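As the structure is a prediction and not an experimental result, all values here were calculated from the model.
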Amino acid sequence: MDLTIIFFDGHCLLCSRIVALLLSIDKNKKLTFSPLQGKTAKAKLPQELLADLNTMAYLKNSKLYTKSDAVLEISKTIGGIFTLFYIFKLIPRFIRDAIYDFISKNRIQWFGQSESCRMPSEEERARFHD
């Protein structure tokens, strides 16, 4: 199986909740996770993404997806009913990304942030990169 990593803002409470949701619905354990503030992100992502904590990235099969494309690829990877979200690929990317950017830029105000990155439980630890 190819390595798949979701890079997320480890201080964002919305992002942490989404990671928790993905952990619970990814029954086949296809996804792994890394905070944008971590060593794995520094090693695998371009510098401009590391400087922009408003952008989630998804590395799958050595290809990097960002913003709405990342969300859609993640839904496709999870499979099952979540592949239905892939229909939104029909919406032009500039529209999808505008919606993504609006939510991303307001997520801290709406949901808050923590002082430290989310700590995985013992059973989740194998699915996290530092």
Side-chain angles (χ1 to χ4, degrees):
M1 179 174 83
D2 289 309
L3 182 64
T4 63
I5 306 173
I6 297 172
F7 296 95
F8 65 99
D9 179 357
H11 296 283
C12 167
L13 291 179
L14 173 63
C15 303
S16 292
R17 289 178 187 149
I18 290 170
V19 167
L21 174 66
L22 290 171
L23 283 164
S24 71
I25 61 177
D26 180 24
K27 300 299 181 198
N28 295 321
K29 299 183 179 177
K30 295 178 181 179
L31 302 173
T32 63
F33 305 88
S34 176
L36 286 164
Q37 297 89 341
K39 294 176 189 172
T40 302
K42 286 182 178 80
K44 297 200 175 281
L45 295 179
Q47 189 60 41
E48 60 270 12
L49 275 178
L50 295 174
D52 181 12
L53 295 179
N54 288 325
T55 301
M56 179 182 70
Y58 179 48
L59 183 63
K60 178 183 178 185
N61 300 331
S62 301
K63 184 167 182 190
L64 188 62
Y65 302 90
T66 60
K67 298 186 179 190
S68 64
D69 281 343
V71 172
L72 295 176
E73 283 298 320
I74 291 166
S75 70
K76 192 166 120 179
T77 300
I78 293 170
I81 195 162
F82 298 99
T83 56
L84 293 176
F85 288 112
Y86 207 72
I87 190 106
F88 291 110
K89 190 83 168 171
L90 296 172
I91 297 171
R93 184 176 182 182
F94 76 94
I95 295 171
R96 289 184 281 120
D97 281 352
I99 295 166
Y100 180 95
D101 288 338
F102 176 74
I103 294 167
S104 180
K105 285 183 177 34
N106 291 290
R107 74 192 194 288
I108 301 298
Q109 180 183 356
W110 294 341
F111 298 96
Q113 75 182 83
S114 65
E115 294 298 317
S116 61
C117 291
R118 177 192 192 281
M119 295 301 296
S121 70
E122 192 66 40
E123 60 192 37
E124 296 171 343
R125 201 162 285 157
R127 297 181 66 190
F128 280 81
H129 306 268
D130 59 355

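Taking Phe102 as the reference, Trp110 meet the ring pair (Phe, Tyr, Trp, His ring centres under 6.0 Å) condition, with sequence neighbours excluded. Every residue two or more places apart in sequence or in another chain that forms a side-chain hydrogen bond (donor to acceptor under 3.5 Å, both in side chains) with Arg107 is listed here: Asp9, Asn54. Here Asp101 pairs with Lys67 under the side-chain hydrogen bond (donor to acceptor under 3.5 Å, both in side chains) rule; sequence neighbours left out. Phe7 is linked by a ring pair (Phe, Tyr, Trp, His ring centres under 6.0 Å) to nothing, counting only residues two or more places apart in sequence or in another chain. Under the side chain to side chain contact (heavy atoms under 4.5 Å, CB included) criterion, Ile99 pairs with Ile95, Ile103, sequence neighbours left out. Checked against side chain to side chain contact (heavy atoms under 4.5 Å, CB included), Ile74 has the following partners two or more places apart in sequence or in another chain: Ile6, Leu22, Leu31, Met56, Tyr58, Ile78. Applying the side-chain hydrogen bond (donor to acceptor under 3.5 Å, both in side chains) criterion to Thr32, with sequence neighbours excluded, gives His129. Considering only residues two or more places apart in sequence or on other chains, Asp69 meets the side-chain hydrogen bond (donor to acceptor under 3.5 Å, both in side chains) condition with Lys89, Arg93, Arg96. Qualifying side chain to side chain contact (heavy atoms under 4.5 Å, CB included) partners for Ile87, counting only residues two or more places apart in sequence or in other chains: Leu90.
At distances below 3.5 Å, at least one donor-acceptor pair connects side-chain atoms of Lys27 with backbone N or O atoms of Ser24. Formation of a donor-acceptor pair under 3.5 Å by the Lys60 side chain with backbone atoms of Thr4 is not found in this model.
For the pair Ser68 and Tyr100, the tightest heavy-atom approach, listed with the atom from each and the gap, is N-CD1, 4.0 Å. Minimum interatomic distance between Ala41 and Pro35 (heavy atoms only, all atoms of both residues): CB-O, 3.5 Å.
Screening residues 14-41 for ring-ring contact (aromatic ring centres under 6.0 Å, His included), with sequence neighbours left out, gives Phe33-Phe128. Contacts classified as salt bridge (Lys or Arg N to Asp or Glu O under 4.0 Å) and involving residues 39-50 (residues at least two apart or in different chains) are not found.
For the atom pair OG1 of Thr55 and CG of Leu50, the computed distance is 11.0 Å after rounding to the nearest 0.5 Å. Atom CZ of Phe85 sits about 7.0 Å away from atom OG of Ser75, to the nearest 0.5 Å. With values rounded to the nearest 0.5 angstrom, Ser16 atom OG is found 12.5 Å from Leu21 atom CG. The distance from atom CG of Leu59 to atom CD of Glu73, rounded to the nearest 0.5 Å, is 11.5 Å.
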What's the verdict on side-chain contact (heavy atoms from CB on, under 4.5 Å) for Leu23 and Lys29, showing C-alpha distance, side-chain angles and the deciding distance?
-> CA-CA 8 Å; Leu23 283 164; Lys29 299 183 179 177; over 6 Å; no
Hey, mind stepping through Phe88 and Leu72 against side-chain contact (heavy atoms from CB on, under 4.5 Å) and telling me if it holds?
-> CA-CA 8 Å; Phe88 291 110; Leu72 295 176; 4.0 Å; yes
